[in-house]
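Read the structure below first, then the notes.
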Amino acid sequence: MMRKTLMVQGTTSDAGKSTLVTALCRWLVNQGYSVAPFKPQNMALNSAVTAEGGEVGRAQAVQAQACNLPPHTDMNPVLLKPNSDTGAQVIIHGKAIANMDARFYHDYKQTAMAAVLESHQRLINQYDVVMVEGAGSPAEINLRDRDIANMGFAEAVDCPVILVADIDRGGVFAHLVGTLDLLSSTEQQRVKGFVINRFRGDISLLQSGLDWLEQRTGKPVLGVLPYLHGLHLEAEDAINTSQVAKAKNVLNVIVPVLPRISNHTDLDPLRLHPQVNLQFIGPDSPIPPADLIILPGSKHVSADLQWLEQQGWPQAIDKHLRYGGKVLGICGGFQMLGQQIDDPHGVESTVGTSKKGLGLLDMITTLHAE
């Protein structure tokens, strides 16, 4: 059969791209097709490890599961893990290659696009369908030059696009019409239709809006997806704070939301457990009493440790321990519990940086390139 690529783009971040791609992957597999998920470029601090030891975005790992496949680095050839407000660690084909600021990465995009097209070619050679997820919105005017994440990729491989928008956040018709209007004429022709995500209520009350949208744009509404209560797909970036019903007697767990918190999806099993009340504590928020404090992973351990100090967490942890509370550190959070964090090669900070830890464990962490 003819091999095909289909791309899902969104009017905003968190519009439903990951969910729609995951659903289409599983549906196509159920129809007997071999399917692979693909996201050209992902920016997220939540990643999954592949069998070959590389890193891909969490969403692509979930989508691979929907395809009954193990995740592979070709499914997300470019992963950006922010480590400052203007820079990120750049991961190509699962391996970290460098830290780059935004301007330098912009110049690097041509090289990154070559990696993207190489991975896409390998996938279309192996599978009947490649289901592609865009990133953010294709209408980010400042990011259109050398774009590899949305329409730049779609134009390069000549694939059709579905545009999805979230009606639950409001303004869905403006999102769809405005996004379409900001695309070039060839990109507009590439959009084959719309999907409206997270609709609640009587769909007949939406019909007049759907008719207007189709008449205004000349594009069909391909589907309206209901708001699915209890759907828990791992977040790519934003922290999910939704809870399930809790028992009377619960274990109270608190987690500081570090500026560079990573892999916070590790905490989803606790957040969703009926006997655990897990709270993410943001900046300048009171630190409540708890049974357990978890220091999560971090993409910039020394900077996030300094933030903890500014927020008063060391004093709160000391008091918590005096009253018999427990503390757990994961990855970067574990490093913070030691005596010292040394960065002689400038992996996360400037070369030769050393930061005093919380001093709760008798250990020193030294960061290395590998």
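Thr12 and His175 share no side-chain donor-acceptor pair at under 3.5 Å. Between the side chains of Gln9 and Ser137, no donor N or O sits under 3.5 Å from an acceptor N or O. There is no side-chain donor-acceptor pair under 3.5 Å between Thr50 and Glu55. Using modelled atom types and a 3.5 Å distance limit, the side chains of Gln215 and Asp211 yield no donor-acceptor pair.
Remark: the backbone N or O of Asp128 is paired with a side-chain donor or acceptor of Ser34 at under 3.5 angstrom. Using a distance-only test at 3.5 Å, with no hydrogens or angles considered, no donor-acceptor pair links the side chain of Asp342 to the main chain of Thr353. Within the 3.5 Å criterion, the main-chain N or O of Leu79 finds no donor-acceptor partner in the side chain of Asn42. For the pair Lys17 (side chain) and Thr11 (backbone), a donor-acceptor distance under 3.5 Å is absent. With hydrogens and angles ignored, the 3.5 Å screen pairs no side-chain donor or acceptor of Ser285 with any backbone N or O of Ile281. In terms of modelled atom types and a separation under 3.5 Å, the side chain of Asn76 and the main chain of Val78 share a donor-acceptor contact. Without hydrogens or angle criteria, Asp291 side chain to Leu251 main chain gives no donor-acceptor distance under 3.5 Å. Between the side chain of Asn277 and the backbone N or O of Val250 there is no donor-acceptor pair closer than 3.5 Å. Judged purely by atom type and a 3.5 angstrom limit, Asn125 uses its side chain to pair as donor or acceptor with the backbone of Gln121. A donor-acceptor contact shorter than 3.5 Å is absent between the side chain of Arg198 and the backbone of Leu225.
With hydrophobic clusters built from ILVMFWY side chains whose heavy atoms lie under 4.5 angstrom apart, Ile261 shares a cluster with Trp307. Residues Leu143 and Met151 do not share a hydrophobic cluster, clusters being chains of Ile/Leu/Val/Met/Phe/Trp/Tyr side chains in contact below 4.5 Å. Leu360 and Ile364 fall into different hydrophobic clusters, defined by Ile, Leu, Val, Met, Phe, Trp and Tyr side-chain heavy atoms under 4.5 Å apart, directly or through other members. Hydrophobic clustering of Ile, Leu, Val, Met, Phe, Trp and Tyr side chains at less than 4.5 Å, counting indirect connections, unites Ile196 with Met7. When hydrophobic clusters are built by joining Ile, Leu, Val, Met, Phe, Trp and Tyr residues whose side-chain heavy atoms come closer than 4.5 Å, directly or via intermediates, Leu182 is not grouped with Leu213.
Nearest heavy atoms, Asn197 versus Val164: CB-CG2, 4.0 Å. Here the shortest heavy-atom pairing between Val172 and Ala165 reads CG2-CB, 3.6 Å. Nearest heavy atom pair, residue Glu133 against residue Ser18, reads OE2-OG, 2.7 Å. Nearest heavy-atom pair across Pro138 and Gly10 is CD-O, 3.1 Å. Closest approach of Ile294 to Pro256, counting heavy atoms only: O-CD, 3.2 Å. Between Ala66 and Arg26, the closest heavy-atom pair is O-NE, 2.8 Å.
Taking CG from Leu358 and CG from Leu337, the interatomic distance works out to 6.0 Å, rounded to the nearest 0.5 Å.
More than 12 heavy atoms of other residues, nucleotides or ligands sit less than 6.0 Å from atom CD of Gln31. Around atom CD of Gln65, no more than 12 heavy atoms belonging to other residues, nucleotides or ligands sit under 6.0 Å away. Shown here is Phe199, whose CZ atom has more than 12 heavy atoms of other residues, nucleotides or ligands within 6.0 Å. Crowding of Lys326 atom NZ: a count of heavy atoms from other residues, nucleotides or ligands under 6.0 Å not exceeding 12. In the displayed structure, Gln110 atom CD is contacted under 6.0 Å by at most 12 heavy atoms of other residues, nucleotides or ligands. Within a 6.0 Å sphere centred on CG of Asp202, heavy atoms belonging to other residues, nucleotides or ligands number more than 12. Counting heavy atoms of neighbouring residues, nucleotides and ligands inside a 6.0 Å radius, atom CG of Asn249 does not exceed 12 of them. More than 12 heavy atoms of other residues, nucleotides or ligands shown are found within 6.0 angstrom of CZ on Arg169.
Below 30°, between 30° and 60°, or above 60°: for His345 and His368 the angle between ring planes is between 30° and 60°, a tilted geometry.
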Subject >> Criterion salt bridge (Lys or Arg N to Asp or Glu O under 4.0 Å) on Asp145 and Lys109, from CA distance to verdict >> reply: CA-CA 10 Å; Asp145 181 33; Lys109 277 186 179 178; over 6 Å; no

**OP:** Show your reasoning for whether salt bridge (Lys or Arg N to Asp or Glu O under 4.0 Å) applies to Arg122 and Glu118.
**Re:** CA-CA 6 Å; Arg122 281 197 288 263; Glu118 179 185 327; 2.9 Å; yes

Subject >> From CA spacing to verdict: side chain to side chain contact (heavy atoms under 4.5 Å, CB included), Ile97, Tyr108 >> reply: CA-CA 12 Å; Ile97 59 165; Tyr108 182 80; 2.9 Å; yes

**OP:** For the pair His229 and Tyr227, evaluate ring pair (Phe, Tyr, Trp, His ring centres under 6.0 Å) and give the outcome as yes or no after the intermediate values.
**Re:** CA-CA 6 Å; His229 295 275; Tyr227 190 107; 4.8 Å; yes

Original post:
Checking side chain to side chain contact (heavy atoms under 4.5 Å, CB included) for the pair Met75/Lys39: CA distance, chi angles, key distance, verdict?
Top reply: CA-CA 6 Å; Met75 297 172 182; Lys39 184 160 186 169; over 6 Å; no

Original post:
Where do Lys95 and Glu52 land on the salt bridge (Lys or Arg N to Asp or Glu O under 4.0 Å) test, with the steps shown first?
Top reply: CA-CA 10 Å; Lys95 299 297 182 185; Glu52 66 272 30; over 6 Å; no

**OP:** Under the side chain to side chain contact (heavy atoms under 4.5 Å, CB included) rule, what do Val8 and Val195 come out as? Steps first, then yes or no, please.
**Re:** CA-CA 10 Å; Val8 174; Val195 170; over 6 Å; no

Original post:
Hey, mind stepping through Val35 and Met131 against side chain to side chain contact (heavy atoms under 4.5 Å, CB included) and telling me if it holds?
Top reply: CA-CA 7 Å; Val35 187; Met131 279 299 315; 4.1 Å; yes

**OP:** Just do the ring pair (Phe, Tyr, Trp, His ring centres under 6.0 Å) check on Tyr127 and Phe38 with the steps written out, would you?
**Re:** CA-CA 12 Å; Tyr127 299 95; Phe38 185 70; over 10 Å; no

**OP:** Take Lys355 and Glu348 through the salt bridge (Lys or Arg N to Asp or Glu O under 4.0 Å) test and state the conclusion after the steps.
**Re:** CA-CA 12 Å; Lys355 174 68 177 170; Glu348 290 184 349; over 6 Å; no

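With contacts defined as side-chain heavy-atom distances shorter than 4.5 Å, the pair Pro296/Leu258 qualifies. Side-chain contact between Asp158 and Arg190: present, with at least one pair of heavy atoms (C-beta onward) separated by less than 4.5 Å. Under the 4.5 Å side-chain criterion, counting only non-hydrogen atoms from C-beta, Lys192 is not in contact with Val161. When side chains are defined from C-beta on, Phe173 does not count as touching Arg216, because their heavy atoms never get closer than 4.5 Å. Between Leu305 and Glu309, some side-chain heavy-atom pair lies under the 4.5 Å cut-off. At least one side-chain heavy atom of Val255 sits under 4.5 Å from a side-chain heavy atom of Leu267.
Screening Val21, Val132, Ile162 against Leu6 for a side chain to side chain contact (heavy atoms under 4.5 Å, CB included) leaves a single residue, Ile162.
Looking at Arg144 and Asp147, no side-chain N of the basic residue comes within less than 4.0 Å of a carboxylate O on the acidic one, giving no salt bridge. Taking a cutoff of 4.0 Å between a charged side-chain nitrogen and a carboxylate oxygen, Lys219 and Glu214 do not qualify as a salt bridge.
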